[in-house]
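Since the model is a prediction, treat every value here as computed from it, not as a measurement. Counting from 1, the numbers follow the sequence of the chain as shown.
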Amino acid sequence: MKKTTGIHHITAIVGHPQENVDFYAGVLGLRLVKKTVNFDDPGTYHLYFGNEGGKPGSIITFFPWANAHQGKIGDGQVGVTSYVVPTGALQFWEQRLDTFNVAVTKTERFGEHYLQFNDPHGLQLEIVERAEGELNAWTFGGVTPEVAIKGFGGATLYSSQPTKTAELLEKVMGLELIEKEGDYIRFRSSADIGNIVDLKATSAGTGQMGVGTVHHIAWRAIDDQDQVEWQEHVAESGYGVTAVKDRNYFNAIYFREHGEILFEIATDPPGFAHDESAETMGQELKLPAQYEQHREDLERRLIPITVRELQ
């Protein structure tokens, strides 16, 4: 049976790119590991934030569209994106979010305590403490490895057909169903981060794609051969799956599951340091070969952004 090790990345739609950078780098202390463009819409950035090395399971990516219409979080989406921090770091994050005037709600689920909050564009986030997962060595703006976000704790899925999505997670993706509590079903994969997926068992209402919503969730494939096997496995399981698409930093296939959530399966290699060094990742605008001839025009059209420490 095929089993994904966990979440590779999560991609969301947001508003103004500088506001996006200020929050995820300036407030959350993540590293901007890649500044490139949307390969299907090169007039728009595609920004990647993660841990120091851009490890799969730590990467959140964004299509920032300034002045785009606001979306509505609901069925057919990742409803909540979870970040994991070291044990004992939750108080630091509660104080830090308060410093930056981010409203926080405390909640408990499956015996764990969460800080829930929204990013500036309405994306629903939460932070949870767990011991597993290596420390994030990146230090920025007062966020040190002892308290830094290690990567994804996981995600909460909102499905229009929760029973079918649950079946997919367990029988097709190979996650283990470990517990049910109230309105949620919890699944686990084998990775040390990006390994916990909660499925909301009842409808969250109809979602609408736009600013403040997750576009898709990507699962990990070990390499290209493993991805081909996933492609065959998904198709044999009755889902329409795309051809392999080269995303420069990974190869990707896509399919929409019966609960209307867009799934991607992405390869771990080659990663983000193959077109710039590990030390300089995220500093320059990197373009795929087909757009390099348009660099001057694209740089003129894209809104300038700066990674900066916030006071």
Side-chain angles (χ1 to χ4, degrees), residues 1-11 30 33-34 48-61 78 80-86 110 112 128-137 149-157 165-179 185-199 214 216-237 239 241-242 244-255 257 261-274:
M1 181 178 176
K2 294 291 291 179
K3 294 185 178 183
T4 180
T5 53
I7 298 170
H8 184 282
H9 67 268
I10 291 174
T11 295
L30 296 173
V33 297
K34 192 62 58 178
Y48 295 73
F49 297 84
N51 70 358
E52 183 187 40
K55 176 182 177 181
S58 77
I59 297 295
I60 191 164
T61 96
V78 172
V80 185
T81 299
S82 303
Y83 277 120
V84 64
V85 297
F110 294 103
E112 296 182 307
V128 62
E129 293 180 350
R130 290 183 192 136
E132 60 187 338
E134 64 185 16
L135 294 181
N136 175 7
I149 290 170
K150 293 187 280 190
F152 292 125
T156 301
L157 306 184
T165 301
E167 182 179 0
L168 167 77
L169 291 172
E170 188 174 14
K171 304 300 184 183
V172 180
M173 303 308 297
L175 275 64
E176 179 187 3
L177 194 163
I178 58 172
E179 197 172 353
I185 308 168
R186 175 158 284 194
F187 298 83
R188 182 193 296 273
S189 69
S190 61
D192 56 358
I193 58 172
N195 58 349
I196 299 293
V197 175
D198 290 341
L199 172 64
V214 170
H216 64 266
I217 181 170
W219 307 91
R220 295 174 66 178
I222 298 169
D223 53 25
D224 290 340
Q225 178 58 41
D226 187 41
Q227 187 178 63
V228 169
E229 293 174 9
W230 273 110
Q231 188 181 40
E232 295 172 350
H233 175 60
V234 169
E236 289 169 358
S237 300
Y239 297 87
V241 62
T242 68
V244 174
K245 298 181 183 294
D246 181 357
R247 299 309 192 193
N248 208 359
Y249 311 107
F250 47 84
N251 287 331
I253 56 175
Y254 303 85
F255 67 100
E257 54 86 45
I261 306 166
L262 182 59
F263 278 13
E264 175 183 341
I265 300 176
T267 56
D268 280 2
F272 297 99
H274 75 89

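Here the side chains of Ile217 and Ile261 are in contact, with some heavy-atom distance below 4.5 Å. Residues Tyr249 and Val33 form no side-chain contact, since every pair of their non-hydrogen atoms from C-beta on lies 4.5 Å or further apart. Considering only heavy atoms from C-beta on, Ile10 comes within 4.5 Å of Val214 through its side chain. Considering only heavy atoms from C-beta on, Phe187 comes within 4.5 Å of Leu199 through its side chain. Contact annotation: the side chain of Val241 never approaches that of Phe263 to less than 4.5 Å [non-hydrogen atoms, C-beta and beyond]. You'll find the side chain of Leu262 stays beyond 4.5 Å of the side chain of Phe255, heavy atoms only. Proximity of Val197 to Arg186: side-chain heavy atoms (C-beta onward) are nowhere separated by under 4.5 Å. In this structure, the side chains of Ser82 and Ile196 stay at 4.5 Å or more apart for every pair of heavy atoms.
How far CZ of Phe250 is from CZ of Phe272: 6.0 Å, rounded to the nearest 0.5 Å. Distance check, rounded to the nearest 0.5 Å: CD1 of Ile193 to CG of Asn51 gives 6.0 Å. Once rounded to the nearest 0.5 Å, the distance linking CG of Asn248 with CG of Asp246 reads 6.0 Å. Ser189 OG to Leu169 CG: the interatomic distance, rounded to the nearest 0.5 Å, is 10.5 Å. To the nearest 0.5 Å, atom CH2 of residue Trp230 and atom OG1 of residue Thr267 are 14.0 Å apart. Between Glu236 atom CD and Lys2 atom NZ the span is 11.0 Å, to the nearest 0.5 Å.
Thr61 and Ile59 get closest at one heavy-atom pair: CG2-CG2, 3.6 Å. Shown here for Pro86 and Leu135, the closest heavy-atom pair between the two residues is CG-CD2, 3.6 Å. Across Met1 and Gly174, no two heavy atoms sit closer than the pair CE-CA, 3.6 Å.
Between Glu229 and Lys3 no salt bridge is recorded (no basic side-chain N to carboxylate O distance below 4.0 Å). Salt bridge annotation for Arg130-Asp192: absent, with no cationic side-chain nitrogen under 4.0 angstrom from a carboxylate oxygen. Salt-bridge formation is not detected for the pair Lys150/Glu134: no Lys NZ or Arg NE/NH1/NH2 atom is positioned less than 4.0 Å from an Asp or Glu carboxylate oxygen.
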Take Asp223 and Gln227, measure what side chain to side chain contact (heavy atoms under 4.5 Å, CB included) needs, and give me the verdict at the end. CA-CA 6 Å; Asp223 53 25; Gln227 187 178 63; over 6 Å; no

Should His9 and Phe152 be marked as a ring pair (Phe, Tyr, Trp, His ring centres under 6.0 Å) after you check the CA-CA gap, both sets of side-chain angles, and the distance that decides it? CA-CA 9 Å; His9 67 268; Phe152 292 125; 8.8 Å; no

Derivation and outcome, side chain to side chain contact (heavy atoms under 4.5 Å, CB included), residues Val85 and Val128: CA-CA 6 Å; Val85 297; Val128 62; over 6 Å; no

So Thr165 and Glu257, side-chain hydrogen bond (donor to acceptor under 3.5 Å, both in side chains) or not? Walk me through it. CA-CA 7 Å; Thr165 301; Glu257 54 86 45; 2.6 Å; yes

Could you please spell out the steps behind the side-chain hydrogen bond (donor to acceptor under 3.5 Å, both in side chains) verdict for Thr11 and His216? CA-CA 6 Å; Thr11 295; His216 64 266; 3.3 Å; yes

Side chain to side chain contact (heavy atoms under 4.5 Å, CB included) for Ile185 and Leu177? Distances and angles first, verdict last. CA-CA 7 Å; Ile185 308 168; Leu177 194 163; 4.0 Å; yes

Start with the C-alpha distance between Arg220 and Ile265, add both sets of side-chain angles, then the distance that settles side chain to side chain contact (heavy atoms under 4.5 Å, CB included), and finish with yes or no. CA-CA 6 Å; Arg220 295 174 66 178; Ile265 300 176; over 6 Å; no

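Ser237 places no side-chain N or O within donor-acceptor distance of the main-chain N or O of Val172, the cut-off being under 3.5 Å. Looking at Thr242, its side chain never comes within 3.5 Å of a backbone N or O of Ile253 through a donor-acceptor pair. Under a 3.5 Å cut-off, the side chain of Thr4 and the backbone N or O of Met173 do not form any donor-acceptor pair. Side-chain N or O atoms of Glu176 include none that pairs as donor or acceptor with a backbone N or O of Glu170 at under 3.5 Å. Remark: the backbone N or O of Ile149 is paired with a side-chain donor or acceptor of Asn136 at under 3.5 angstrom. In this structure, the side chain of Glu129 does not engage the main chain of Val84 through any donor-acceptor pair within 3.5 Å.
No more than 12 heavy atoms of other residues, nucleotides or ligands shown are found within 6.0 angstrom of CD1 on Ile222. Other residues, nucleotides and ligands contribute more than 12 heavy atoms inside 6.0 Å of the CD atom of Glu112.
With 3.5 Å as the limit, one finds no donor-acceptor pair spanning the side chains of Glu264 and His8.
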